[in-house]
Number of protein chains: 2
Amino acid sequence: MNNQWQETMLAEVKAGGRISDQHIVDMIRQAVLSQRLPPGTRLPEVALGEIFGVSRSVVRKALTRLASYHVITQQPNQVARVCAPDIDETHEIFAARRLVEGEVVALLAGALEPEQCAVLANHMEAEKAAYAEGDESARIEHSLAIHHYLADHAPNRILGKMLSELILRTSIVIALYKQPSLASCYLVGDHDTLLACLRDGDAEGARRAIDQHLASLEQLLDLRAQENRIDLAAIFGKLGG
Amino acid sequence: MNNQWQETMLAEVKAGGRISDQHIVDMIRQAVLSQRLPPGTRLPEVALGEIFGVSRSVVRKALTRLASYHVITQQPNQVARVCAPDIDETHEIFAARRLVEGEVVALLAGALEPEQCAVLANHMEAEKAAYAEGDESARIEHSLAIHHYLADHAPNRILGKMLSELILRTSIVIALYKQPSLASCYLVGDHDTLLACLRDGDAEGARRAIDQHLASLEQLLDLRAQENRIDLAAIFGKLGG
DNA sequence: CCACCGTTTTTTGTATACACTATGGGCAGT
DNA sequence: ACTGCCCATAGTGTATACAAAAAACGGTGG
């Protein structure tokens, strides 16, 4: 049933106070990232309006913005759906992120204050602790915090914004294609070498570290999944029709 | 007076048929690029609605999308205005574009079919002809066509989209800061060397060519303007406060 | 049993009305 | 003459109503 996430959101709405389009954007984005809203989920405007207690006007604005972030897809006269990038697009997203994040950390190398490095180091320790405890969602949260910190402090704000969006899209495809069996073993170590390069002002080393980190991440995904998914979809389609 | 562009748009509306939000987006974007809508121009929803013959709903959707393209800025309860990036942001836009377009042409090097190269070559000849005739707007149009062609044919569609947006933003700041005195002398030649590299499959050469091309372009802008603007702002700020 | 077609239901597209907020100009006080 | 306040105006924020399109459903004929 897809009433699950609706209830979750409703609860948050009841708890919180007034709801604006930005809140809706944030909540839907979070719900997508945490896989409470699986890719392909239909997002009818009236239903969302009832859930959040606002009218379609506000929902539409939120959906428009979510579409510009590539969280959902909107086609004329059709209901909005949660994005489900295909394998090709996934590779392209990773390639773009390698380029942008590589440049960001290269610019950042040697430009970070000691306390900023400390913030990063804290997140990395927390990430390792979460990994040791097997708390995967906490590990992911800290990992995201690291990368978002890099994006937010990029000397070039345009590249920073780009990186933020790419981190979001990367998270979506990871949620989509990650094979549950494989653990994120190497990834934690990558962050340490990155931090070392940032401290030393080794721009090219930082770029390489990020590049390798993202390559490892991409390796963890199941790119054969395409066949499986298509088969399943076809089967269910036949059964349902 | 700013009734000029309104009349132009009205004429186009009368000539054309139905108007959708996408049309409005395109027309406003074009108007901004061709400087019919100077930076800072107010864009009230009701006025636009009357001009295009649609209601505020459609206008609002168009404005939201224009904001996501960074063509206009929107603040709560305030009139939307045409973007006017400051000098810092201008440099950052150029830096981001150098990175992205450099990667795109590097990916494209050796991957273009002969007829695709021919298309580029045609635009370059047309650009040179326009330059020789002193038809600056035609030259710009062909130059934009070249870069958009590269963006549209990028092997990585995400990078292609990014490049498209960066070309747009670059055009805006060029329209903003270009000093009318300086001609675009070297720029035409850059395109030729780029094409040669693309044909030869010289990825790094193509990257360098684009890099230098964009650097030259940035040089043509008047970045001292900052002092003037800031001085004026500071003066008025002091007087006002 | 399956495919095709018309009808009903769902969902989006657009216009419009009302409420709230910001902006600008005039007026009184200094 | 200048400053501060108040009110009129302009403009956006939100909700809602109606029209059009798409999707889902059921019935009919092969």
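All of these numbers come straight from a predicted model, not from anything done at the bench. So you know, we letter chains A, B, ... as the sequences are listed, proteins then strands, and number each from 1.
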Original post:
Does a nitrogen or oxygen in the side chain of A:Arg60 sit under 4.0 Å from OP1 or OP2 of C:dG13?
Top reply: yes
Subject >> Interatomic distance where CD belongs to B:Glu50 and C1' belongs to C:dT14 [whole Å] >> reply: 17 Å
Subject >> Atom-to-atom span, NZ of B:Lys61 to P of C:dT16 - whole angstrom >> reply: 17 Å
**OP:** Could you check how far CZ of B:Arg65 sits from P of C:dG13, rounded to whole Å?
**Re:** 11 Å
Original post:
Stepwise, does the side-chain contact (heavy atoms from CB on, under 4.5 Å) test hold for A:Thr170 with A:Thr90?
Top reply: CA-CA 8 Å; A:Thr170 310; A:Thr90 300; over 6 Å; no
Original post:
What's the CZ-C1' distance between A:Phe52 and D:dA15, to the nearest Å?
Top reply: 18 Å
Original post:
Does a nitrogen or oxygen in the side chain of B:Arg42 sit under 4.0 Å from OP1 or OP2 of C:dT23?
Top reply: no
Subject >> Spacing between A:Asp21 atom CG and D:dT12 atom P, to the nearest angstrom >> reply: 16 Å
Subject >> Evaluation steps, side-chain contact (heavy atoms from CB on, under 4.5 Å), between A:Leu150 and A:Glu101 >> reply: CA-CA 8 Å; A:Leu150 296 173; A:Glu101 191 159 10; 3.9 Å; yes
**OP:** State which of D:dT12, D:dT14, C:dA15 makes the closest approach to the side chain of B:Val54.
**Re:** C:dA15
**OP:** Classify the side-chain pair B:Gln22/B:Asp26 by whether it contains a donor and acceptor separated by less than 3.5 Å.
**Re:** yes
Original post:
Are A:Glu92 and B:Lys161 within salt-bridge range, i.e. N to O under 4.0 Å?
Top reply: no
**OP:** Name the residue closer to the 5' end of DNA chain C, choosing between A:Leu63 and A:Ser57 according to the nucleotide with the nearest heavy atom.
**Re:** A:Leu63
**OP:** Check the pair A:Arg60, A:Glu45 against salt bridge (charged side-chain N to carboxylate O under 4.0 Å, His left out), reporting the backbone distance first and the verdict last.
**Re:** CA-CA 7 Å; A:Arg60 282 177 75 80; A:Glu45 297 173 0; 2.8 Å; yes
Subject >> Selection residues 152-174 of chain A - residue pairs positive for ring-ring contact (aromatic ring centres under 6.0 Å, His included), sequence neighbours left out >> reply: A:Tyr149-A:His153
**OP:** Evaluate the criterion side-chain contact (heavy atoms from CB on, under 4.5 Å) for residue pair B:Leu166 and B:Phe94; output intermediate values, then yes/no.
**Re:** CA-CA 8 Å; B:Leu166 286 170; B:Phe94 268 95; over 6 Å; no
**OP:** Starting from P on C:dG13, measure out to CD on A:Glu45 and report it in whole angstrom.
**Re:** 6 Å
Subject >> Distance in angstrom units between A:Leu48 CG and C:dT12 P, rounded >> reply: 9 Å
**OP:** Round to the nearest Å and state the distance from A:Arg56 atom CZ to D:dC18 atom P.
**Re:** 14 Å
Original post:
Taking DNA chain C as the partner, which of residues 68-80 of chain B come within under 4.0 angstrom of it by heavy atom?
Top reply: B:Asn77, B:Gln78
